[in-house]
Amino acid sequence: ETGVTQTPRHLVMGMTNKKSLKCEQHLGHNAMYWYKQSAKKPLELMFVYNFKEQTENNSVPSRFSPECPNSSHLFLHLHTLQPEDSALYLCASSAGPSQYYNEQFFGPGTRLTVL
Amino acid sequence: GNSVTQMEGPVTLSEEAFLTINCTYTATGYPSLFWYVQYPGEGLQLLLKATKADDKGSNKGFEATYRKETTSFHLEKGSVQVSDSAVYFCALSDTPLGGSQGNLIFGKGTKLSVKP
């Protein structure tokens with residue numbers, strides 16, 4: 001495996017279910033990100049982890065719970081979601097905060113549908 | 001605060017037409033600028049980047065020049081192909097000097113459709 005992988009690629013869940021999204025990066029990076037991409041809205045940064053520590057939480061509802069056990073893996077735990085949470089969830093990684101630029105590498109995303 | 005504004009789509013062109021997608025930014029400090037592309041059903045891929053004023057990023061026939069005087073980073077391609085149909089995102093990375101962590105700030109995306 002190379003780059004950034006995400007599983008599952010598609011997920012359908014009920015509002016009372018609990019599920020988890022997984023992201024893995026094989027690039028030796030130190031920073032990982034979760035984004036939400038909804039139709040007709042800008043890409044929304046949800047969480048940022050640097051060296052396994054959460055460094056940013058953009059006012060994300062508590063029904064989304066991230067976990068970063070090591071620099072290569074990132075999870076997004078989901079529970080009691082709402083239909084408006086249906087979206088494409090993208091994971092990304094980068095070398096880490098840089099004085100000059102911060103090139104991010106994205107996974108293919110998980111298409112989530114909440115019924 | 002920092003922001004990116006790009007032209008709204010969708011943009012529909014015929015094959016071999018010239019493409020311009022406008023992007024302007026507002027930033028403190030010295031941001032780096034990026035164009036990402038998202039093909040149908042996929043995540044975002046870095047298309048090109050420029051890290052300082054007057055730099056030109058280029059890849060796959062696409063070009064963009066970092067213009068500090070006009071705070072712009074317009075994407076151009078001389079002759080588009082059907083396979084270029086995708087959504088294009090302009091983005092900037094602010095720097096720790098600006099008090100941030102160097103996260104990316106994206107524009108809303110511009111959908112390009114190229115017809116044969």
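A note on names: the letters A, B, ... follow the listed sequences, proteins ahead of strands, and every chain is numbered from 1.
- Note on Tyr66(B): it clusters hydrophobically with Tyr88(B), by side-chain heavy-atom contacts below 4.5 Å among ILVMFWY residues.
- In this structure, the portion of Gln37(A) lying under 4.5 Å from any heavy atom of chain B is its side chain and not its backbone.
- Within a 6.0 Å radius of CD in Glu15(B), other residues, nucleotides and ligands contribute more than 12 heavy atoms.
- Using a 4.5 Å heavy-atom cutoff, the side chains of Pro42(A) and Lys108(B) are in contact.
- Here the straight-line distance linking atom CZ of Phe34(B) with atom CD of Gln104(A) works out to 8.0 Å at 0.5 Å rounding.
- Hydrophobic clustering, with ILVMFWY side chains joined whenever heavy atoms are under 4.5 angstrom apart, keeps Phe106(A) apart from Leu11(A).
- For the atom pair CG of Leu90(A) and CD of Gln38(B), the computed distance is 6.5 Å after rounding to the nearest 0.5 Å.
- Tracing side-chain contacts under 4.5 Å through hydrophobic residues (I, L, V, M, F, W, Y), one never reaches Leu46(B) starting from Leu112(B); they form parts of separate clusters.
- Grouping the Ile, Leu, Val, Met, Phe, Trp and Tyr side chains by contacts below 4.5 angstrom, directly or via other members, places Leu76(A) with Met32(A).
- With a 4.5 angstrom heavy-atom cutoff, Arg111(A) does not touch chain B via any of its atoms.
- To the nearest 0.5 Å, atoms CZ (Phe106(B)) and OH (Tyr35(A)) are separated by 4.5 Å.
- With a 4.5 Å cut-off on non-hydrogen atoms, Leu44(B) touches chain A through its backbone and its side chain both.
- As a member of the Ile/Leu/Val/Met/Phe/Trp/Tyr network built from side-chain separations under 4.5 Å, Val4(A) groups with Leu27(A), Phe105(A).
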